[in-house]
Amino acid sequence: MNIYVDFDDCLCETARAFCKIGAELFGKNVPYENVSFFNLQESFSLTDEQYDRMMIRGHQKELLLSYEETPGACKVINSWLESGHKVSIITGRPVSAYEASRQCLDEHGLTKVPMYCLDKYGRDSFLKGSTFNLTLEDYYKMNFDFAVEDSPNAFKFFAHLPNLKVAVFDRPWNQNCTFPNKNFIRCSDWERIQALITQE
């Protein structure tokens, strides 16, 4: 089985970290549970300049390495690898964040998992001249049987795979979204995600 796994808020608790960053930089005390929009600029009521500053800060190496693992993520992914599944991490992080992101994965025992940076969200605004190591053209040539994703903004990247099963990691910003079809299943944790794979 070929498995797609998103990085932020599936493998690690990125939004929780950004809640701290928003408070430190701008005094924006937004509880994690109130991050109602995937667009953090909207969730934190930031100006364009503030949003850029927050995103630049959140993509610095020491911050990327400090994000806490989403409980159970690495254990489950390693169990998939041991069972013969192929796992690819498809992240919206730019290549400038690749080295730190790769280090984080390696430190958590995911040395065998390839990571690809795909421009999912058009975030060139805060990291000027951002580059990505996976083009949309090449991404659409890849085939997946199962995916783990939290962002409603990324669901469009699955439209070419009508039989794909998608575990939607339960987050505040996807509570009110409409899933494209019955293959999208809300999951509260990695234990539930593991159970879905076992059913396949």
Side-chain angles (χ1 to χ4, degrees), residues 1-19 32-33 35-40 43 55 58-59 63-81 83 85-94 97-98 100-121 123 132-134 139 142 144-158 161 164-177 179-180 183-198 200:
M1 186 179 294
N2 289 333
I3 304 173
Y4 162 123
V5 178
D6 179 50
F7 204 133
D8 294 302
D9 296 299
C10 290
L11 290 179
C12 64
E13 298 298 306
T14 307
R16 295 183 190 276
F18 271 97
C19 287
Y32 165 77
E33 294 75 15
V35 181
S36 302
F37 303 99
F38 179 76
N39 182 339
L40 295 181
S43 283
M55 295 301 285
H59 283 78
L63 267 294
L64 290 172
L65 290 173
S66 73
Y67 296 161
E68 294 183 9
E69 176 192 353
T70 299
C74 297
K75 179 180 178 180
V76 169
I77 290 172
N78 274 313
S79 75
W80 291 344
L81 297 172
S83 297
H85 299 304
K86 179 182 177 182
V87 179
S88 298
I89 294 170
I90 311 291
T91 179
R93 295 179 180 184
Y98 182 91
S101 302
R102 181 72 261 174
Q103 181 179 337
C104 179
L105 294 175
D106 293 347
E107 289 177 354
H108 285 82
L110 298 179
T111 57
K112 298 178 181 178
V113 180
M115 186 185 83
Y116 302 94
C117 299
L118 176 69
D119 189 8
K120 298 181 187 180
Y121 310 117
R123 288 175 170 162
F132 299 84
N133 65 5
L134 179 64
Y139 166 76
M142 301 171 79
F144 298 102
D145 306 294
F146 191 86
V148 182
E149 179 62 77
D150 70 287
S151 170
N153 293 6
F155 292 169
K156 62 185 178 183
F157 295 111
F158 302 141
L161 298 170
L164 179 72
K165 296 289 179 63
V166 181
V168 180
F169 206 107
D170 190 39
R171 298 295 187 179
W173 50 89
N174 61 38
Q175 293 300 302
N176 297 316
C177 72
F179 293 164
N183 289 335
F184 287 67
I185 301 168
R186 185 176 297 279
C187 295
S188 59
D189 52 37
W190 275 93
E191 183 176 352
R192 171 61 174 145
I193 294 170
Q194 175 73 308
L196 283 182
I197 282 281
T198 303
E200 293 297 309

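Scope of the values below: all heavy atoms of this structure, side chains included, with no hydrogens, waters or symmetry mates.
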Chi angles and distances behind the salt bridge (Lys or Arg N to Asp or Glu O under 4.0 Å) call for R192, D170: CA-CA 11 Å; R192 171 61 174 145; D170 190 39; over 6 Å; no

Pairwise distance [atom1]([X]) to [atom2]([Y]) - rounded to 0.5 angstrom:
X: L40; Y: W173; atom1: CG; atom2: CH2; result: 8.0 Å
X: C117; Y: R102; atom1: SG; atom2: CZ; result: 10.5 Å
X: K120; Y: N153; atom1: NZ; atom2: CG; result: 10.5 Å
X: E149; Y: D9; atom1: CD; atom2: CG; result: 9.5 Å
X: D8; Y: Y121; atom1: CG; atom2: OH; result: 8.0 Å
X: T91; Y: L118; atom1: OG1; atom2: CG; result: 9.0 Å

Determine whether S66 and L63 satisfy the following criterion, side-chain contact (heavy atoms from CB on, under 4.5 Å), listing intermediate values before the conclusion. CA-CA 5 Å; S66 73; L63 267 294; 4.1 Å; yes

One pair to check against side-chain contact (heavy atoms from CB on, under 4.5 Å): T70 and W190. What are the steps and the verdict? CA-CA 8 Å; T70 299; W190 275 93; 3.8 Å; yes

Any donor and acceptor pair, going by atom type alone, linking the side chain of [X] with main-chain N or O of [Y] inside 3.5 Å?
X: D145; Y: N2; value: yes
X: E69; Y: C74; value: yes
X: S88; Y: P114; value: no
X: N174; Y: P152; value: no

Considering all heavy atoms of both residues, which atom of [X] and which atom of [Y] are nearest to each other, and what is their separation?
X: Y32; Y: P172; value: OH-CD, 3.3 Å
X: V87; Y: V113; value: O-CG1, 3.5 Å
X: A73; Y: L11; value: CB-CD2, 3.9 Å
X: F132; Y: P94; value: CE2-CA, 3.6 Å
X: A167; Y: L196; value: CB-CD1, 4.1 Å
X: C104; Y: L64; value: SG-O, 4.4 Å

Using the six-membered ring wherever Trp is involved, compare the ring planes of Y4 and F144 and label them parallel, tilted or perpendicular (cut-offs 30° and 60°).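 Answer is perpendicular, since the angle exceeds 60°.
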
Go through the steps for N78 and L110 under the test side-chain contact (heavy atoms from CB on, under 4.5 Å), then give the verdict. CA-CA 7 Å; N78 274 313; L110 298 179; 3.7 Å; yes

Strictly under 6.0 Å, is that where the ring centroids of Y139 and Y116 end up?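 No.
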
Tell me, with the steps shown, if W80 and Q194 meet side-chain contact (heavy atoms from CB on, under 4.5 Å). CA-CA 9 Å; W80 291 344; Q194 175 73 308; 2.7 Å; yes

Tell me whether E13 is salt-bridged to R171, with the criterion being a basic N under 4.0 Å from an acidic carboxylate O.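 Yes, this pair counts.
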
Has E68 got more than 12 heavy atoms of other residues, nucleotides or ligands less than 6.0 Å from its CD?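 No, because the 6.0 Å sphere around CD of E68 holds 12 heavy atoms or fewer from other groups.
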
